[in-house]
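Only one structure is covered here, and it is reproduced in the block below.
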Amino acid sequence: MSKKNKQNVKFGVTFVVIILGIAASFLLTLNAFSTNYNNSNSDLNGLMVAFGGKWQTTGAISVTLGTFNFNLLLVIAMLLPAGAAVINGILNNKLGSLVAVGLFLLNIILMLVIKEVSFTPIIGNAIKIQIKLSTLGIISLVLSGLGLLATGYKLSLDL
């Protein structure tokens with residue numbers, strides 16, 4: 001492959017990685033998680049689960065069920081794909097690609113490992129509730145995997 005063609009391919013791959021990383025992080029801020037709290041399946045907003053917030057039922061009458069506590073690992077997992085995309089775009093060399101591969105990989109591992117979060121019901125003490133990835137969370141995980149593969153391909157072009 002000629003040097004000019006290689007540079008064009010690297011530019012295109014960098015652009016794709018930036019789009020994938022930002023999209024993966026954005027999808028995690030939406031209803032990317034679900035739980036079966038009190039035998040009721042509910043979709044959970046990623047920002048509410050990660051940064052903490054009141055969990056209210058939806059419908060004609062809104063009832064507050066409790067409050068999610070701040071979860072640092074989930075915040076980190078939400079920011080990693082966008083961070084990988086930005087680093088890959090700014091450091092357009094081997095080091096940037098290698099760091100981005102690591103960040104995408106760490107994001108995938110964290111999203112698969114985090115299975116419960118701290119929740120404080122209206123009455124009672126803090127408890128751990130089980131969460132799992134819903135459809136948007138799985139799509140975000142796939143986008144992170146594609147970002148990992150694209151960054152790995154860009155890294156192979158640099159070698």
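We count residues from 1, following the sequence as given.
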Legend entry - Cluster overlap Ile87 with Ile19, hydrophobic side-chain contacts below 4.5 Å: no
Legend entry - Shared hydrophobic cluster for Ile22 and Leu146 (ILVMFWY, side-chain gaps under 4.5 Å): no
Inset, instruction - Mind checking the CG-CG spacing from Leu47 to Asn31? Nearest 0.5 Å is all I need. - result: 10.0 Å
Legend entry - Distance, nearest 0.5 Å, that separates CE of Met111 from CG of Leu141: 7.0 Å
Evaluate the side-chain proximity of [Y] to [X]: yes if any heavy-atom separation is below 4.5 Å, no if none is.
| X | Y | answer |
| --- | --- | --- |
| Asn88 | Ile18 | no |
| Ser97 | Tyr153 | no |
| Pro121 | Ile127 | yes |
| Phe33 | Asp43 | no |
| Leu149 | Phe104 | no |

For [X], check side-chain hydrogen bond (donor to acceptor under 3.5 Å, both in side chains) against everything at least two apart and list the hits.
| X | result |
| --- | --- |
| Thr35 | none |
| Gln130 | Glu116 |
| Ser118 | Asn69 |

Measure across [X] and [Y] and return the closest heavy-atom pair with its distance rounded to 0.1 Å.
| X | Y | answer |
| --- | --- | --- |
| Ala77 | Leu110 | CB-CB, 3.9 Å |
| Ser140 | Ala24 | OG-O, 2.7 Å |
| Val17 | Ala85 | O-CB, 3.7 Å |

Inset, instruction - Classify the side-chain pair Asn92/Lys154 by whether it contains a donor and acceptor separated by less than 3.5 Å. - result: yes
Legend entry - Asn107 and Ser144: side chain donor to acceptor below 3.5 Å: yes
Inset, instruction - Could you tell me how the ring of Trp55 sits relative to the ring of Phe119: parallel (under 30°), tilted (30 to 60°) or perpendicular (over 60°)? - result: perpendicular
Inset, instruction - Considering only Ile, Leu, Val, Met, Phe, Trp and Tyr, and joining two whenever side-chain heavy atoms are under 4.5 Å apart, list the other residues clustered with Ile123. - result: Ile122
Legend entry - Val117: side-chain contact (heavy atoms from CB on, under 4.5 Å) partners, not counting sequence neighbours: Val49, Phe68, Asn71, Leu74, Ile129, Ile131
Legend entry - ring pair (Phe, Tyr, Trp, His ring centres under 6.0 Å) partners of residues 4-28, not counting sequence neighbours, each pair once: none
